[in-house]
**Student:** 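Would you mind keeping the following structure in view while I ask a few things?
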Protein chains: 2
Amino acid sequence: MKRNSRLSSTLHILVHMAEKPEQALTSEQLATFIHTNPVVVRRTIGGLRDAGIVTSSRGHGGGWLLGRAPENISLAEISVALGETLLPFSTEPESPGCLVEQAVIAVLDDFRVAAEKLLAEKLSRITLADLTADFRRRYALIGVSSHAV
Amino acid sequence: MKRNSRLSSTLHILVHMAEKPEQALTSEQLATFIHTNPVVVRRTIGGLRDAGIVTSSRGHGGGWLLGRAPENISLAEISVALGETLLPFSTEPESPGCLVEQAVIAVLDDFRVAAEKLLAEKLSRITLADLTADFRRRYALIGVSSHAV
DNA sequence: AAGAATCGTAACTAATTAAGTTACATGAAA
DNA sequence: TTTCATGTAACTTAATTAGTTACGATTCTT
């Protein structure tokens, strides 16, 4: 798992889970999808459990399942559950009392608040079901092409 | 200079430069504003020179000046010149050939392209002059309050 | 009840990235 | 010619995150 790919890796995992809705997938299985290690998977998607996006069960036959229908899981929720920040820049004060810094931070924070709202809205309109639909379309195309001629 | 504060640190520097438009400021002076080191300053704002946002001159009396009026310097340009990415997540393929991954990346890239366009538009409407105006407003308020009573 | 499978999590290691630092060549002004 | 600047390469340090090992807790199967 590469750096900064937590969102895409998680989506990858979730699409696989959505494609096997009746079967609990183990951390081990999920890890192989994204070429990493079961512990990294547990750590990464552990937060999704608290958000109800997935459920996990221990013991023999245990593993991970979606917590609800893919139509009701938005990328906005996933992103929040992963603890991802949508915008990368920091606006922490470093020179308390400096009016120049205060002006910079004020303007930047205004922008950030507005931008995060916009991005969250856009992400809330994309659901896991959209991803599975896209996957199935691609899968069907491959199927067709391999039967063609 | 903290991590991920290159944009705000640079803006801090630029506002100081805008407030002394006739005086070349040295890397040393700029560095003290953001509590770092002259070499870090040169490295950070070097890209702004190539974009025409600032100019630098060597030798005695040298230093840094704005390349044009603050009204004509947008945060979008500054962000680009710094080489900052507006969105933090990666969509590099890690499992070439995996249709699930392809679907995830396609959806995420669509989002990214649209989001970056939106953010760039918002940033292009904020200029360095807006920041200096905000700073001056704050400065005036402090002045008033310190003379009050 | 025993054994196997599985998650949860702490603790450690390795890899990566960005900032900070040192050093020195280049250029310009006094 | 001396001094003051930037430009930049090379190295060190610090911070973050992924990867790994280990093991306790839980649950199913036999």
Side-chain angles (χ1 to χ4, degrees), chain A residues 1-10 12-13 17 20 23-51 53-67 81-85 88-90 92 94-95, chain B residues 1-10 12-13 17 20 23-67 79 81-85 88-90 92 94-95:
Chain A
M1 187 173 174
K2 234 178 281 169
R3 296 197 131 213
N4 276 347
S5 64
R6 273 169 65 208
L7 180 57
S8 61
S9 294
T10 299
H12 189 152
I13 282 174
M17 287 168 64
K20 297 275 188 188
Q23 184 187 342
L25 297 174
T26 66
S27 308
E28 186 90 36
Q29 293 173 303
L30 297 176
T32 64
F33 292 139
I34 59 172
H35 303 116
T36 186
N37 171 301
V39 178
V40 173
V41 168
R42 288 183 209 128
R43 242 182 350 216
T44 303
I45 66 176
L48 305 196
R49 182 182 43 231
D50 307 330
I53 296 167
V54 298
T55 63
S56 65
S57 54
R58 294 172 154 191
H60 197 124
W64 301 82
L65 286 169
L66 290 186
L82 287 173
E84 300 275 77
T85 52
F89 57 85
S90 142
E92 296 278 299
E94 298 178 45
S95 314
Chain B
M1 187 174 172
K2 233 179 280 169
R3 295 197 132 213
N4 277 347
S5 64
R6 272 169 66 208
L7 180 56
S8 61
S9 294
T10 299
H12 189 154
I13 282 174
M17 288 168 63
K20 297 274 189 189
Q23 183 187 345
L25 297 174
T26 67
S27 307
E28 185 90 34
Q29 292 173 303
L30 298 176
T32 63
F33 291 140
I34 59 172
H35 303 116
T36 184
N37 171 302
V39 177
V40 173
V41 168
R42 289 182 207 128
R43 233 167 19 201
T44 303
I45 66 176
L48 304 196
R49 181 182 44 231
D50 307 331
I53 296 168
V54 297
T55 62
S56 65
S57 55
R58 294 173 156 193
H60 197 119
W64 301 83
L65 286 169
L66 289 186
S79 171
L82 287 173
E84 300 275 75
T85 53
F89 58 84
S90 143
E92 297 278 300
E94 298 176 44
S95 314

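Just so we're clear, the structure is a prediction, and the values are computed from it rather than from any experiment.
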**Student:** Enumerate all atom pairs, one protein N or O and one N or O from nucleotides 17-24 of chain C, separated by less than 3.5 Å.
**Tutor:**
residue	atom	partner	partner atom	Å
C:dT17	O2	B:Arg3	NH2	2.7
C:dA18	O4'	B:Arg3	NH2	3.0
C:dA19	O3'	B:Met1	O	3.0
C:dG20	OP1	B:Met1	N	2.6
C:dG20	OP1	B:Met1	O	3.1
C:dG20	OP2	B:Thr36	OG1	2.6
C:dG20	N7	B:Arg43	NH2	2.7
C:dG20	O6	B:Arg43	NH1	3.2
C:dT21	OP2	B:Asn37	ND2	3.4
C:dT21	O4	B:Arg43	NH1	3.2

**Student:** Find the distance A:Ile45:CD1 to C:dT9:P and express it as a whole number of Å.
**Tutor:** 13 Å
**Student:** Provide the start and end nucleotides, 5' to 3', of the part of DNA chain D that has atoms under 4.0 Å from heavy atoms of chain A.
**Tutor:**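 The protein-touched segment is D:dT16 to D:dC28.
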**Student:** Would a 4.5 Å heavy-atom cut-off, applied to side chains only, mark B:Asn4 and A:Phe89 as touching?
**Tutor:** no
**Student:** Name all residues meeting the side chain to side chain contact (heavy atoms under 4.5 Å, CB included) criterion together with B:Thr44; count only those two or more places apart in sequence or in a different chain, and write none if there are none.
**Tutor:**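 B:Thr44: side chain to side chain contact (heavy atoms under 4.5 Å, CB included) contacts with B:Met1, B:Arg6, B:Thr10, B:Val40, B:Leu82.
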**Student:** Mind calculating the distance between CE (A:Met17) and P (C:dC7) to the nearest angstrom?
**Tutor:** 11 Å
**Student:** Is it true that the side chains of B:Ser5 and A:Glu92 contain a donor and an acceptor less than 3.5 Å apart?
**Tutor:**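 Short answer, no.
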**Student:** If I take atom CH2 in residue A:Trp64 and atom P in nucleotide C:dT6, what distance separates them, rounded to the nearest angstrom?
**Tutor:**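 The distance from CH2 of A:Trp64 to P of C:dT6 comes to 14 Å, rounded to the nearest Å.
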**Student:** According to ring pair (Phe, Tyr, Trp, His ring centres under 6.0 Å), who are the partners of B:Phe33, at least two apart in sequence or on a separate chain?
**Tutor:** B:His16
**Student:** With the side chain counted from C-beta on, respond yes when B:Glu84 and A:Pro88 share a heavy-atom pair under 4.5 Å apart, and no when they do not.
**Tutor:**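 Result no, sub-4.5 Å side-chain heavy-atom pair not found.
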**Student:** So do the side chains of A:Thr36 and A:Leu30 get within less than 4.5 Å of each other, counting heavy atoms only?
**Tutor:** no
**Student:** Would you call A:His35 and B:Ser95 a side-chain contact if the rule is heavy atoms closer than 4.5 Å?
**Tutor:**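 The answer is yes, as the side chains (C-beta and beyond) meet within the 4.5 Å cut-off.
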**Student:** Tell me every residue that passes side chain to side chain contact (heavy atoms under 4.5 Å, CB included) with B:Ser56, counting only those two or more places apart in sequence or in another chain.
**Tutor:** B:Arg49, B:Trp64
**Student:** Measure the spacing between CD1 of A:Ile45 and OG of A:Ser9 and express it to the nearest 0.5 Å.
**Tutor:**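 Rounded to the nearest 0.5 Å, the CD1-OG separation comes out at 11.5 Å.
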**Student:** Is atom CD of A:Glu28 surrounded by more than 12 heavy atoms (other residues, nucleotides or ligands) closer than 6.0 Å?
**Tutor:** no
**Student:** When we call it a touch if two heavy atoms are under 4.0 Å apart, what does B:Gly46 touch: a base, just sugar-phosphate, or nothing?
**Tutor:**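 Counting heavy atoms under 4.0 Å across all strands, no contact is made by B:Gly46.
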**Student:** Any chance you could measure A:Lys20, atom NZ, to A:Gln29, atom CD, to the nearest 0.5 Å?
**Tutor:** 9.5 Å
**Student:** Using a cut-off of less than 4.0 Å, is there contact between a side-chain N or O of A:Ser56 and OP1 or OP2 of C:dG8?
**Tutor:**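 It does, given that an N or O in the side chain of A:Ser56 lies less than 4.0 Å from OP1 or OP2 of C:dG8.
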**Student:** Where do N or O atoms of nucleotides 27-30 of chain C meet protein N or O atoms at under 3.5 Å, pair by pair?
**Tutor:**
residue	atom	partner	partner atom	Å
C:dG27	O4'	B:Arg58	NH1	2.9
C:dG27	N2	B:Gly59	N	3.1

